[in-house]
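Input: a single structure, listed below in structure tokens.
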Amino acid sequence: MEILGKKGSLTAVLRGIGGLPADDRPRVGAVANQVRTSIEAALVARGATLRAAELADRLATEAIDVTTPGRPVGRGALHPIIETMGRIEEIFGRFGFIVHEGPEVEDDLTNFQMLNIAPDHPARDLWDTLYVDVPGHLLRTHTSPLQIRVMQAYRPPIRALLPGRVFRYEAVDASHASEFFQVEGLMVDEGTTMGDLRGLLDEFSRAMFGRDKRTRFRPGYYPFTEPSVAFDVECLVCGGSGCPACSRTGWMTILGAGMVHPVVLQYGGLDPERYQGFAFGMGVERIANLSHGVADLRLYTENDLRFLEQFR
Ligand code: DAH
């Protein structure tokens, strides 16, 4: 700038040539032009050197060693509850049971009344209910209302498997959660019997827990089934001799079941004189606990990778 710019000293010299005596002009002009050419050449050379140095610098700092092995990318896996639900669905799928889903916000009518649980029925104490702001609506306390929805939507023969998230007002501990999963089963046809139910559940137990495990029915009570039973499998920990895991009974209760109550069939739009059905319902966390030896169901929702990575 100082030399070659518009107001530079060399520029001034070149401009001044016109005012010199004619004899001096060629000599001064030649020298001045020479000076300009060599300064410009020096600048170009210097620029090239600087760019080369900068490039060398970048090459050194930004170099990538393409031979370095890659950082391993962790592979995801199904959550143990989803995996267990998938196994249950697969096993019942072999018997023609088709998966249906329904709403988590349910109406009181379908969650309770149509399942033969009247508003003042003492059986409502079995479920500690979470209500929502919309009158007459609640977070479903079990998957059983899906029985009603399926019966209203399809004609027999019905073989439905009804998985889903359910909600209860609970004090959370190792065996109680306010959100958990159930899988419900429903079969309705002409001439369906308790024997069909037992045979199906025995096959389920064999597939899920092993062929060698004994099973039994115990009398139970649910308002929406009559008769109602609890289905037990020989204790998976002690094999039936009695241990703390099975409260020394030798048996573990897997699910509740029974023959669909005639009133429930009627609410489903079916004639109980013509159709019979059975239903069953199980807690997925409980099945997962039994098949993986997990003792605290809080582990399923804590997102602790040390726990989850064991199920890959
Ligand atoms: N709904 C019941 C519960 O949440 C489980 C159940 C029991 C479902 C017996 C059934 C059944 O379909 O027949 O405890």
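Both ligands and their constituent atoms are indexed starting at 1 by order of listing.
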Exercise. Salt-bridged, R168 to D128, with N to O below 4.0 Å?
Worked result: no

Problem set entry | Heavy-atom check, side chain of M187 versus side chain of V260, under 4.5 Å | no

Exercise. Which atoms of ligand 1 sit under 4.0 Å from any heavy atom of T225?
Worked result: 13 (O)

Problem set entry | Neighbour count above 12 (heavy atom, 6.0 Å) for R58 CZ | no

For this session: Would you tell me whether D189 and T192 have side-chain atoms, one donor and one acceptor, within less than 3.5 Å of each other?
Result: no

Exercise. Under 6.0 Å from the CD atom of E273, do we count more than 12 heavy atoms belonging to anything else shown?
Worked result: no

Exercise. Is R168 touching ligand 1 with its side chain, its backbone, both, or neither, if touching means heavy atoms under 4.0 Å apart?
Worked result: side chain

For this session: Taking only heavy atoms of H142 into account, list the atoms of ligand 1 that are under 4.0 Å away from them.
Result: 1 (N), 4 (O)

Exercise. Which bit of A279 gets closer than 4.0 Å to ligand 1, counting heavy atoms only: side chain, backbone, both or neither?
Worked result: both

Problem set entry | Numbering as shown, the atoms of ligand 1 that approach S144 to under 4.0 Å (heavy-atom distance) | 1 (N), 8 (C)

Exercise. In terms of atom number and element, which parts of ligand 1 are under 4.0 angstrom from non-hydrogen atoms of A257?
Worked result: 9 (C), 11 (C), 13 (O)

For this session: Could you list which atoms of ligand 1 come closer than 4.0 Å to a heavy atom of Q182?
Result: 3 (C), 4 (O)

For this session: Using atom types as modelled and distance alone, determine if a side-chain donor or acceptor of Q152 lies under 3.5 Å from a backbone N or O of Y267.
Result: yes

For this session: Say whether F278 and ligand 1 are in contact under the criterion: heavy-atom distance to a ligand atom below 4.0 Å.
Result: no

Problem set entry | Ring centres under 6.0 angstrom apart (F92, F280) | yes

Exercise. Under 4.0 Å between a Lys/Arg side-chain N and an Asp/Glu carboxylate O for R206 and E203?
Worked result: yes

Problem set entry | Within the 6.0 Å centroid threshold, strictly below: Y222 and H142 | no

Exercise. Where's the contact between Q147 and ligand 1, heavy-atom distance under 4.0 Å: side chain, backbone, both or neither?
Worked result: side chain

For this session: Run down the list Y222, Y221, F231, F280 and name the one with the heavy atom closest to atom 7 (C) of ligand 1.
Result: Y222

Problem set entry | Numbered atoms and elements of ligand 1 in range of G258, under 4.0 angstrom, heavy atoms | 13 (O)

Exercise. So, does M259 sit close enough to ligand 1 that a heavy atom of it is under 4.0 Å from the ligand?
Worked result: no

For this session: Could you list which atoms of ligand 1 come closer than 4.0 Å to a heavy atom of E184?
Result: 8 (C), 10 (C), 12 (O)

